[in-house]
Asks: 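Encoded as structure tokens, here's the structure I'll be asking about.
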Amino acid sequence: MKSSTSAPLFRRIVGDLKSQIVDGELPEHTPLPSERVVAEHHNVSRMTARRALEAVEAEGLAYSKDRKGRFVSPKRLDYDVGSMSNFISGAAAKGIEIEMELLDSKQSVVDAELAKILPVPVGTPVYENTRLFRRQGHATFLETETVIVSRCNELLFNAQPEQQAQPQTQRYSPLGHMADIVIRMRALDPPEADILGLMPYQSGIEQEQRVRDQAGKVFCFSRQIWRGELAQFSARAILKAGS
């Protein structure tokens, strides 16, 4: 059983680190003090120092990088999942510059797993695009988007990267009408982790979208995997009396 004094001391160390981050004493991407420095400064064990640093990271205020230590996370980016507009456009409206790199663009066919999501037979042609989004050169999230070719020949899925960044309302119009969205935590596969600069199987936030037309049929499926410390999703809900 822990002593009555260790818990308050632990919380004070966490609070001190958080204050330095929030107040800007430790700017974005600045290394956090090592376990040894924290332990010596607060006169605690290395184990207590490690737990304090892990707690700060668990709250999304820090991230680990290639076994080089922990660094201060950039401010979380707010993604309005209730909007059909492009993420880049929404961020730009808030004065946040987002860079998008088109990693891969190809035409493929629907396999058995994808046929469970898109209402078409196995072998149906689809467009697949993979994009990496960065903020100030810092990898933020990876997106894979799949669209049925026969439904979307007018879309810009074989266009240049700058055209790929156009708002989804322009890419999907007049097809895009609504989307089903699922958000969950999961471990990053090694290729995903490598692109995002994280350790394999580290936790990330996955967002899946099924975009529907006015008839309610799914014609586009996208999956985003975010660095967990950067993900912040928002939406507006309409509450009905008695619900």
Side-chain angles (χ1 to χ4, degrees), residues 77 79-93 98-134 139-186 188-196 204-226 231 233-238:
L77 296 174
Y79 192 146
D80 182 0
V81 296
S83 172
M84 289 293 288
S85 64
N86 181 266
F87 174 73
I88 291 180
S89 301
I98 302 295
E99 305 158 8
M100 191 278 292
E101 178 184 356
L102 183 61
L103 301 181
D104 190 29
S105 182
K106 63 185 179 182
Q107 185 169 325
S108 183
V109 295
V110 172
D111 59 18
E113 191 66 27
L114 191 57
K116 298 176 184 178
I117 300 172
L118 297 174
V120 291
V122 172
T124 299
V126 291
Y127 291 129
E128 289 186 359
N129 279 323
T130 302
R131 309 179 184 91
L132 175 63
F133 293 78
R134 298 185 180 91
T140 303
F141 70 91
L142 184 67
E143 177 186 65
T144 300
E145 191 172 48
T146 305
V147 183
I148 301 171
V149 170
S150 62
R151 298 294 311 280
C152 308
N153 277 327
E154 73 276 18
L155 299 183
L156 300 173
F157 273 76
N158 289 325
Q160 297 300 312
E162 59 270 18
Q163 293 174 300
Q164 288 282 344
Q166 291 186 16
Q168 290 176 350
T169 48
Q170 294 180 31
R171 295 213 311 270
Y172 297 157
S173 182
L175 295 177
H177 184 66
M178 63 177 294
D180 303 328
I181 299 172
V182 176
I183 300 173
R184 64 174 69 88
M185 178 180 288
R186 74 163 171 85
L188 276 69
D189 295 332
E192 296 171 332
D194 183 60
I195 293 173
L196 292 173
I205 304 296
E206 181 180 68
Q207 180 193 182
E208 290 186 349
Q209 288 192 9
R210 290 170 170 82
V211 183
R212 298 178 180 272
D213 60 17
Q214 291 186 347
K217 293 185 177 181
V218 178
F219 68 91
C220 173
F221 174 68
S222 68
R223 175 181 286 118
Q224 297 172 354
I225 182 70
W226 285 66
F233 302 104
S234 64
R236 178 174 294 179
I238 300 176

Asks: Determine whether V211 and V218 satisfy the following criterion, side-chain contact (heavy atoms from CB on, under 4.5 Å), listing intermediate values before the conclusion.
Replies: CA-CA 6 Å; V211 183; V218 178; over 6 Å; no

Asks: How about T144 and E128: do any of their side-chain heavy atoms sit closer than 4.5 Å?
Replies: no

Asks: When you compare the side chain of F221 with that of V126, does any pair of heavy atoms fall below 4.5 Å?
Replies: no

Asks: Of all the heavy-atom pairs spanning Q209 and A179, show the shortest one and how long it is.
Replies: OE1-CB, 4.4 Å

Asks: I'd like to know whether E206 forms a side-chain contact (heavy atoms from CB on, under 4.5 Å) with M185, so could you lay out the CA-CA distance, the side-chain angles of the two residues, the decisive distance to 0.1 Å, and finally the verdict.
Replies: CA-CA 6 Å; E206 181 180 68; M185 178 180 288; over 6 Å; no

Asks: Grab the two heavy atoms, one from V122 and one from A115, that are nearest each other, plus how far apart they are.
Replies: CG2-CB, 4.0 Å

Asks: Run the side-chain contact (heavy atoms from CB on, under 4.5 Å) test on E143 and F133 for me, step by step, so that the C-alpha distance in whole Å, both residues' side-chain angles and the decisive distance to 0.1 Å come before the verdict.
Replies: CA-CA 8 Å; E143 177 186 65; F133 293 78; 3.8 Å; yes

Asks: Name all residues meeting the side chain to side chain contact (heavy atoms under 4.5 Å, CB included) criterion together with L103; count only those two or more places apart in sequence or in a different chain, and write none if there are none.
Replies: E101, T130, L132, L142, I195

Asks: Quick one: does D189's side chain have a donor or acceptor within less than 3.5 Å of a partner on E192's backbone?
Replies: no

Asks: Specify the closest pair of heavy atoms between C220 and V147, including all atoms of both residues, with the distance to one decimal.
Replies: SG-CG2, 3.6 Å

Asks: CG/L118 to CD/E113 distance, rounded to the nearest 0.5 angstrom?
Replies: 11.5 Å

Asks: Parallel under 30°, tilted from 30 to 60°, perpendicular over 60°: which one fits the rings of W226 and F141?
Replies: parallel

Asks: Return the minimal non-hydrogen interatomic distance between T124 and V120, and the atom names on each side.
Replies: OG1-CB, 3.5 Å

Asks: Any idea which heavy atoms bring Q207 and I183 closest together, and the distance?
Replies: CG-CG1, 4.0 Å

Asks: Can you name the side chain to side chain contact (heavy atoms under 4.5 Å, CB included) partners of D194, sequence neighbours left out?
Replies: none

Asks: So, using side-chain hydrogen bond (donor to acceptor under 3.5 Å, both in side chains) as the criterion, who are the partners of E208 when residues are at least two apart?
Replies: R184, R223

Asks: How far does CD of E99 sit from OG1 of T140, to the nearest 0.5 angstrom?
Replies: 9.0 Å

Asks: Show, in sequence, the C-alpha distance, side-chain angles and deciding distance for I225 and I205, and conclude whether the side-chain contact (heavy atoms from CB on, under 4.5 Å) test is met.
Replies: CA-CA 6 Å; I225 182 70; I205 304 296; 5.9 Å; no

Asks: Starting at CZ of R210, measure out to OG of S222 and round the result to the nearest 0.5 Å.
Replies: 10.0 Å

Asks: Between I98 and R134, is any pair of side-chain heavy atoms under 4.5 Å apart?
Replies: no

Asks: Could you give the distance from OH (Y127) to OG (S108), rounded to the nearest 0.5 Å?
Replies: 12.5 Å

